[in-house]
Structure formats: structure tokens, C-alpha cells
There are 2 protein chains.
Amino acid sequence: MEGATAPVLDNGEPLAVLAGGGRLPGIVAAAAIRAGRPVKIIALRDEADMQISDFPHEWVGWGDVGRLLKSLRADKVTDLVMVGRITSRPDYRSLPLDRAGLIIRSAVAGLFSGGDNAVLTGAMKLFESRGFRILGAHEIARELVAPAGALTKMRETRAASRDVGVAMEAAKTIGALDVGQAAVAIDRRVVALEGAEGTDAMLERVAHLKQIGRVPAGERSGVLSKCSKPRQDLRIDMPTIGPGTVTAAVAAGLAGIAVEAGCVMIAEREETIRIANAHGLFVSGVKPAGGRGR
Amino acid sequence: MEGATAPVLDNGEPLAVLAGGGRLPGIVAAAAIRAGRPVKIIALRDEADMQISDFPHEWVGWGDVGRLLKSLRADKVTDLVMVGRITSRPDYRSLPLDRAGLIIRSAVAGLFSGGDNAVLTGAMKLFESRGFRILGAHEIARELVAPAGALTKMRETRAASRDVGVAMEAAKTIGALDVGQAAVAIDRRVVALEGAEGTDAMLERVAHLKQIGRVPAGERSGVLSKCSKPRQDLRIDMPTIGPGTVTAAVAAGLAGIAVEAGCVMIAEREETIRIANAHGLFVSGVKPAGGRGR
């Protein structure tokens, strides 16, 4: 990960982890604790995993902006990591806001239109404007980031490498539109682009398209490529794969998965690679044309 | 449709209609007959509608290249229209080819990799190299093409017009990659991009994403935009909407549908507009930025 900044340790300073779904928030919290930082998890209701209850935590809803700010100040927190899967999107027109939330409604309303990127960027700006520093999960837990090169026993075949390139170009293109981060190509043809459904649902669709003969159904054909959006702030929204991604890729009969090296996290890397090896899939980190080159 | 070429009549010359699914092949055949041309439908097995049996016709499979060429020559056909939906894609590795097909296997194999556009362009080149002239369905049945402006009682609201623009930009962008022709935007956010699944399946996905709260679920929110691919040859592959598209848009709770004026066909226009009017959707033809300007 040449060129990446040094990990932010700041021993002793408390760190808040604003937690969406999945295991990443817990991994980040554990890494911070190993580095000597007290941790408080702010768990997003209906999103965060129950596993976060292993750490000091507090549950909040989308509308609890005021309570959240108050609680962070009471804990003397200035550093904040936003990490984890968000599957629901708040509809700002029907959002229950607390009193502070109502006061800053105009700021909040701006957060919840436009693409995911706009939502997260808006949330980050809101926190930054109130004196918080936003750190990336990958700055706390460096081991999460995919390196360049093969990560599995299986390597890319020449045909798969071509599909990697085709799918990566498509994923970069839709990322520039702030739509999605992933695409699937089979025999050099892009068959699926990620929208609001997310990567796993897109892979389910590919499995279905193979079943009904809409795309060539050869076992171990096609690849998933996943990358960062060109204007994505990796501190708040780093693309991620994990065991579920590999399981979905297996179900879709893909040959493997390529992620943008340095810009995509692998949640539970050991388990992710174990599943890929068990099914003969490759997982590799690549530097796409138009990538960030870190 | 300023700037479009005059309809090709060529009274008396026989016309072959290579027919995929849906009603368009029959509409084109009927228009040709009205213009005084004898018609022969070449019906693609597992794709063409049984309704084509109202016309002189012959069934062929993907591999029957030689038999098809022979039959066209026997009928003294030189003009050919390729029209209708193709839901399956031949896997050229397992394609049963007749003897002529085997002889030209290298040409055929080239057709069946790459995007849809490549497949259809390859098929067109194959026919042209053997002396056929390929005409567009819209050159035979001009009434199929969407004009600019509102086609329904309902007009675009200002919010819907913004979504039209956002979705059209996304659709044009993925068209440039030869991936799809359509996108859905809700509240200025692109939530779905068309891949191999096709427009109707993409709309089913949007309905599902609203159901599970993954995208804002307001009734009559969001639009479908559909356009031609920048390098698409409209003679062989004009984007199409029809009654099924409107029905799927209703199920997805969309406010309406925008198509690229002059470059998208409306199959069964009366029925399509009737359904839209019955459900309060708008359908309009627009000239997108980056469109062909005809």
C-alpha cells in the first residue's frame, strides 16, 4: 500500500465508531483498542450487528442527530469512524427528527437526496462542521485493505483477466455517476451493473440469468470486479467484499473476484479467502486504468 | 423526425422479416404488405410469437445459417429486417450448426462474444457480405418511432424532469459501454441500471427495492429513461418500449417513462399510451444531451 498515509493511532484519545451492519465496525473497534484507544460504538438502529454489544455502545436512529452530538461531546470524542453496511435509506420527508435535528433540518435534508456518496459526504461534512475529525476504517485497521496481486491459490486465467478488465472499466464508469461500485462480465460482455440493490443482490441476479439461459451458463465463467468511485472519500465509504460476496459469486458460477488494490476492504479476510479456496475461485487485487494508483 | 431518411418502400420487392419475440415483427410485416411488398417471416425458434403464423413464414434455429441463406435466395429476397426481442443468447461453444454454419464457423463464433450490439452487428455484416440489404423496422413502419414531446395526458412534473435527465445520462453512459439502454432514477439518484436482464426485469427490481425500503418508496416517484446506445445501428437494434414496459413501470410505482425521441420504438403505441393514461403515468419523447439529434 505504497503512498497510503500512516495509520492514525493517537494513543489514548477516545474513538467513536458510527456503526452500520456487518462485522467491520467490530473489527475496527478491536483494532483501536489494540492500539490503546478507548472506543464507543454508536450503533445505527436496524443496521448494526448485535455483535457490537461486546463494546461500549449506544443505539441511535437516523433522526437522533442532536442526541448523538451531545453524547459524543459528553464522552470527549473528537475522532469518528463511519463504517458498516447501510441497507435502508432514510426518506428525509418522513424522518423523525429530534429537536436538534429539526433545527438543522435544512442541513439534514440536503444529506438525503442524491447518490449514496452525497449522503455520506453530507453526513461527514455535518460532523466536521461541528468539530469532529473523520477517520477511515482502513486508517484504524490497515489489515482490512486489499493488496495488489493474487490472494487465493487459484490464479486468474487469461480469459478471466480479460473479463476483469471489462468489468472493472464498467464499474469505474458507473462509479463516476455515483451509482454503484461493481460489475460482472462474462466472455468480455458486461451482464450486470450494480445499482441500489448492492453487490450480493446483483450476483443473485447473475445466477438467475445463467439459470434461465439469458447469459452463457458455463460453470466458473465470468468475474465480479469491484472498485472505488472516482470521487469517493475512502474515509467514509470504502467499497467492501467479504465471505458473503464470495458465497454469492460461487452461487453465480463465477471464476473469481477482482478488487481495486488499496481501495477495497476485505472484511474477515481469512474466512473470505478460505471460502474462495474451497470453491476454486480466484480473488485478486488489481490496479485498474483510471484507478487511484495507491 | 426531421432529418430521418424517407421510408424504404421499393414496391413489389419481397421483404424478409427475421423475427424475434413480441408483436413488432407482425407490425412490420403488416406495414410492408400495406406498402405492396410480399413478405416472408423467418421466425427464430423459441423467440418468435405464434402470431407470425398469420404471414408466410418459416421457423429457424440459431444454427440454421446455411438453410436460412438458401431459403432467402430461393425466395429472391435481398431486403431483410431483423426485429423483435431476443431473450436467449446462443452459446457458440455448444451451438448446433448446419453444414454451411460449420463452414463459416469462424465468422459465426465472432458474432457470439462481446455485447448484444456486437452480436447483432456481426449478424448484419454476415448478411450484408452475402449480398443482402438490411433495413430498419422503423424504415418500414415509421409510426413505430417515438416523436418528441408528451404522448400522454399526464405531463412531466419539474421533479420528474430532473429524474428524466439523471436517468437519461446514466442510460447513455452504459450504452456507450454496450451494456444496456435504460436506467431508473428516483429523487435525482440512479437506483437501477439495465444489464442483460432487460428493462422489464430491471423495473421488477425497482419495485422490490421500494418494497424492502432500499429506495424511497413514494408512489409515483422516479422515472425510467430509455435511449439508443451511442454506437447502436438503429436498423438492427432499435430500443423499444411497449405495454409491458408501462405495466412494469406502474408496478414499480414510477411517475413516468421518457424515451429518446426519434431513436426508440413504441410497440403497440395505442395500447401503451392507454395503459399509461389509465394509471396516470407520463410517457414522453425527449432529446437527451449526447443524443443523435434527429
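Here is how names work: the chains are called A, B, and so on, in the same order as the sequence lines, proteins then strands, and each is numbered from 1. Computed from heavy atoms alone, side chains included, the values below leave out hydrogens, waters and symmetry copies.
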Novice: Are T173(A) and T173(B) packed together at the side-chain level, in the sense that at least one heavy-atom pair is separated by less than 4.5 angstrom?
Specialist: yes
Novice: Show the nearest heavy-atom pair for residues L177(B) and E169(A), with the distance to one decimal.
Specialist: CD2-OE2, 3.7 Å
Novice: If you define the side chain from C-beta out and look only at heavy atoms, does anything of H208(A) sit under 4.5 Å from E197(B)?
Specialist: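 Sidechains of E197(B) and H208(A): no contact.
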Novice: Minimum heavy-atom separation for A196(B) and R214(A), please, with both atom names.
Specialist: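 Minimum heavy-atom contact is O-NE, 3.1 Å.
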Novice: Working to the nearest 0.5 angstrom, can you tell me the gap between M202(A) CE and R205(B) CZ?
Specialist: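 If I round to the nearest 0.5 Å, the distance is 9.5 Å.
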Novice: Answer yes or no: does atom CZ of R23(A) have more than 12 heavy-atom neighbours from other residues, nucleotides or ligands under 6.0 Å?
Specialist: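 At most 12 heavy atoms, drawn from other residues, nucleotides or ligands, come within 6.0 Å of this atom.
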Novice: Under 4.5 Å, heavy atom to heavy atom: which of residues 239-249 of chain A reach chain B? Give them by number, or say none.
Specialist: none
Novice: Just jot down the side-chain hydrogen bond (donor to acceptor under 3.5 Å, both in side chains) partners of R235(A), sequence neighbours excluded, or say none.
Specialist: E128(A), D233(A)
